[in-house]
Amino acid sequence: MSEQPIISIKNLHKSFGKNKVLRGINLTVNKGEDLVILGRSGSGKSVTIECLVGLLEADKGKIEVFGIDVTKLNYKELNKIRLRIGFMFQNGALYDSMSVRENLAFTLKHHTKHLSEDEVEKQINEALENVGLKEAIDKMPTELSGGMIKRIGLARTLIIKPEIILYDEPTAGLDTITAKEISELILSVQNKYKTTALIITHDITCAKMTGNRIMILKDGLIHAEGTFNELKNSIDDWVRSFFEYE
Amino acid sequence: MIAFIKKQLTQAGKFSRFIGRFFRELFVPPFQFNEFIRQCYTIGYKSLPLVGITGFIMGLVLTIQSRPTMTKFGAESWLPGMVSLSLIREIAPVITALICAGKIASGIGAELGSMKVTSQLNAMEVSAINPYKYLVVTRVLASTLMVPLLVILADLVGIYGGYIGYNVHSSIGLLRYFSEVIENLDFLDIIPATIKTFFFGFFIGVIGCYKGFNASGGTASVGRAANSAVVTASLSIFVVDMLAVQITDLFY
């Protein structure tokens, strides 16, 4: 992990009507780092990463990714940045009219028109192998379990070979064992591909397993920051309360 | 009241921008040709049986229902001409468009609405694939081109239905029936009626897409999007038809 910041958010504000969700977030993620953002539901975790990829427009503030302020980019320029970022959705967000193969091929074919069918197939197989679901290649999303959907979602993210992966609640809605498997998978992917990761979660086990550094979001602001053990032994009762059920 | 008017105007503004974006994206590459062909197949080919059956029944019923009145005035021989004119100028375009509004607009509204609430549109967006270009432009274009073809099919099948209906009580050969139909038809009967069907198709597609793209608030909104798409598209068909008839009347 280097000290070179790959994501830098300064004074980020976002409101929905009168509801102020983000009230001036500041954070930096270094290259190769796995940063976890913890927080209760509605604290603005997902809004932060949605602003980061331009799904939501920030009201105020600066979001630099690869040293470029994404809030000032036009659609075409933003898409160039998006190609270097993978986004794993909370619900997997697989295209339900397409099979697993088609889900993976869709993005790949769209951006790499020069690839032969054999090459596409090879990359699909490789991505599925990385998430341990090669046998699911011809299945439809409706035939997959929650854990499998998350894995395929991750495979679809990996296939474009991103430099940064944003995980939005990767273990939400899963049983404890499957959630642990997903956390292990994230860790192995991070180790193999050496990508930078920003993981949004409220799952303490996931945060402990996957994060080099943890930030805790409260009322639209970064309330605390540190390693897992530092935060667990924090003098702040509210911060410590997160780790009570660990 | 003011809040209601403001809301309606906001909606109208959003819808106009949505249409404007369609025309902007339409002429900017890359073109999603494969998806466009797939949509033509779904919207056009898969609607053939429904439109064919409806067209046949329209022609048959119109002939059988009109016969007593025509006979009363001694104008039974005018039936083929009257039926074909009614079908081509008004009944087939409007009824076919309404059927398409029910089938196509609701299908598009539900599909895109479901994609919206399950973050599939966002997944496309973050993968640097323009969902508007991939989903909206292809569907609206396919609908604009397929609805006129479906109407032409309904016209032809409807006229054939009229022939069958005519032969229930009288006897006329197919060739003579069709020559009477053609004798009573003018280009000016066909052209304006066909032109308006492009607008029907456009509004069916664009309203379905707009409602789907703006679905929000969970799975219930998918049903609402589909329902609203059908109602709005049906209403738009009548409005476009009224305008088309007024414009045609000015020129011819």
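Labels below follow one simple rule: chain letters A, B, ... track the order of the sequence lines, proteins then strands, and each chain is numbered from 1.
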Do the two ring centres, one from B:F213 and one from B:F15, sit under 6.0 Å apart? no

Cation-pi check, A:R156 onto A:F106 ring (under 6.0 Å, within 45° of axis):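 Relative to the ring axis of A:F106, which defines the angle, A:R156 lies outside at least one limit.
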
When you measure from the centre of the six-membered ring of B:F198, is the NZ or CZ of B:K196 closer than 6.0 Å and no more than 45° off the axis?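 Geometry flag: not set, cation outside 6.0 Å or 45°.
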
Top contributor to chain B contacts, counting heavy-atom pairs under 4.5 Å, from A:R82, A:K76, A:E50, A:Q90: A:R82

Just give me the residue among A:D96, A:V53, A:L166 that pairs up with chain B most often, heavy atom to heavy atom, under 4.5 Å. A:D96

Given heavy-atom pairs under 4.5 angstrom as the criterion, report whether the side chain, backbone, both or neither of [X] touches chain B.
| X | answer |
| --- | --- |
| A:F89 | side chain |
| A:I160 | neither |
| A:L78 | neither |
| A:I85 | backbone |

Below 30° counts as parallel, above 60° as perpendicular, anything between as tilted: where do the rings of B:Y160 and B:F56 land?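 Ring orientation of B:Y160 relative to B:F56: tilted.
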
Considering all heavy atoms, the nearest A:D168-A:S46 contact: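 Here A:D168 and A:S46 meet closest at OD1-OG, 2.9 Å.
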
